[in-house]
Amino acid sequence: MSSKIPLELTLAILKPHVVKNPIVLQKIYEMITENGLKVVRSQRKIITLPEADLFYQEHRQKFFYNRLVTFMSSGPSDILILAGENAVLKWREIMGPTKVFQAQYSAPDTIRGKFGLSDTRNATHGSDSTESAEREMQILFKDFDSKKWRETDRSLRDLGQKMKLDAESFKNNIDESSVDREQNVK
Ligand code: CMP
């Protein structure tokens, strides 16, 4: 990773019906890593109704709002902070269109095209802008400081250190074996 394009952060949610299906979950993990996105934070938790309400506040007036927040708090979700060049757009491209019928028709190889069940159970969520990502990370990763992350992990990336995926926590950590103690970075 020697490119100088700044890393972007985005928030991804693998929704409750996906977490209940280990095969689909594994396929989505593979699509994340194969597309070069790095997992900065990862947690599995039940999103509470108040969190879902805050998270989806822009949809409060929509006909599907109750259905959406009830579903999102119905069981554990995998919530990820992803990093990469143009991560917001890249993750949205990997997910495909919000509406599953449209995804199945026009983008069958995307996550929603493959694994979406309905417009509510559309498999995954992704931030629509870097500003939304910041807001969403503050709701679901209260301890995460993106400014600090930019000053540390990102500058490590710029030095060329490698990120290694820890399969158990599904999170990328700095690969210690890539660090040359004398010269800092191999
Ligand atoms: P998500 O990316 O989580 O952001 C908003 C969510 O609202 C969206 O995915 C869908 O799950 C849901 N949504 C959007 N449009 C509809 C719809 N027409 N009917 C039901 N749910 C919808």
Side-chain angles (χ1 to χ4, degrees), residues 7-142 144 146 170-171:
L7 283 186
E8 212 169 75
L9 295 174
T10 191
L11 186 107
I13 302 178
L14 314 190
K15 298 189 178 188
H17 66 102
V18 162
V19 171
K20 288 194 182 104
N21 186 329
I23 295 170
V24 169
L25 195 60
Q26 186 56 35
K27 288 275 175 219
I28 295 177
Y29 283 168
E30 283 166 18
M31 288 169 85
I32 291 171
T33 51
E34 282 166 6
N35 279 280
L37 290 169
K38 303 294 182 195
V39 185
V40 172
R41 290 284 185 283
S42 169
Q43 61 169 328
R44 178 167 295 177
K45 75 170 217 120
I46 299 177
I47 296 172
T48 65
L49 213 44
E51 283 172 335
D53 174 59
L54 191 58
F55 192 89
Y56 285 117
Q57 57 181 290
E58 69 181 282
H59 298 299
R60 272 181 196 149
Q61 306 308 323
K62 307 261 176 68
F63 71 92
F64 56 79
Y65 172 76
N66 276 333
R67 201 188 303 165
L68 175 63
V69 293
T70 305
F71 168 62
M72 291 303 290
S73 53
S74 68
S77 294
D78 276 2
I79 310 168
L80 313 174
I81 297 177
L82 303 176
E85 293 168 3
N86 300 313
V88 169
L89 188 63
K90 187 179 263 188
W91 175 235
R92 288 179 74 83
E93 282 174 1
I94 299 166
M95 290 194 301
T98 302
K99 289 185 176 296
V100 164
F101 179 74
Q102 192 190 340
Q104 287 168 343
Y105 185 74
S106 64
D109 293 331
T110 60
I111 290 173
R112 286 162 170 168
K114 285 179 169 172
F115 308 120
L117 301 176
S118 67
D119 287 344
T120 306
R121 293 182 294 163
N122 62 347
T124 51
H125 166 83
S127 313
D128 62 10
S129 64
T130 51
E131 292 75 22
S132 298
E134 192 61 43
R135 188 187 78 82
E136 293 172 359
M137 288 187 292
Q138 280 171 20
I139 296 170
L140 294 174
F141 286 94
K142 294 185 181 61
F144 182 71
S146 63
F170 194 60
K171 178 174 165 312

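We count ligands from 1, going down the list as the structure has it; atoms in each ligand are counted the same way. The first residue of the sequence shown is numbered 1, and numbering continues consecutively from there.
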Would you be so kind as to tabulate the donor-acceptor pairs closer than 3.5 Å made by side chains of residues 86-102, with sequence neighbours excluded?
| residue | atom | partner | partner atom | Å |
| --- | --- | --- | --- | --- |
| Lys90 | NZ | Asn35 | O | 3.1 |
| Trp91 | NE1 | His125 | O | 3.0 |
| Arg92 | NH1 | Gly126 | O | 3.1 |

Can you give the donor-acceptor pairs under 3.5 Å from side chains of residues 58-70 to other protein atoms, not counting sequence neighbours?
| residue | atom | partner | partner atom | Å |
| --- | --- | --- | --- | --- |
| His59 | ND1 | Lys62 | NZ | 2.9 |
| Arg60 | NE | Asp53 | OD1 | 3.0 |
| Arg60 | NH2 | Asp53 | OD2 | 3.0 |
| Tyr65 | OH | Asp53 | OD1 | 2.3 |
| Thr70 | OG1 | Asn66 | O | 2.6 |

- With distance as the sole criterion, is a donor-acceptor pair present between the side chains of Ser146 and Glu134 under 3.5 Å? yes
- Query: Which heavy-atom pair separates Gly84 from Leu37 by the least distance, and what is that distance?
  - Reply: CA-CD2, 4.2 Å
Contacts table for ligand 1: protein N or O within a distance under 3.5 Å of ligand N or O, distances only.
| residue | atom | partner | partner atom | Å |
| --- | --- | --- | --- | --- |
| ligand 1 | 2 (O) | Arg112 | NH2 | 3.2 |
| ligand 1 | 2 (O) | His125 | ND1 | 3.0 |
| ligand 1 | 3 (O) | Lys15 | NZ | 2.8 |
| ligand 1 | 3 (O) | Tyr56 | OH | 2.6 |
| ligand 1 | 3 (O) | His125 | ND1 | 3.1 |
| ligand 1 | 9 (O) | Lys15 | NZ | 3.3 |
| ligand 1 | 9 (O) | Asn122 | ND2 | 3.1 |
| ligand 1 | 11 (O) | Lys15 | NZ | 3.1 |
| ligand 1 | 11 (O) | Asp119 | O | 2.9 |
| ligand 1 | 11 (O) | Thr120 | O | 3.3 |
| ligand 1 | 11 (O) | Asn122 | OD1 | 3.3 |
| ligand 1 | 18 (N) | Lys99 | NZ | 3.0 |

- Quick note, salt bridge (Lys or Arg N to Asp or Glu O under 4.0 Å) partners involving residues 68-81, not counting sequence neighbours, are Arg44-Asp78
- Query: In Å and rounded to the nearest 0.5 Å, what is the CE to OG1 distance from Met137 to Thr130?
  - Reply: 9.0 Å
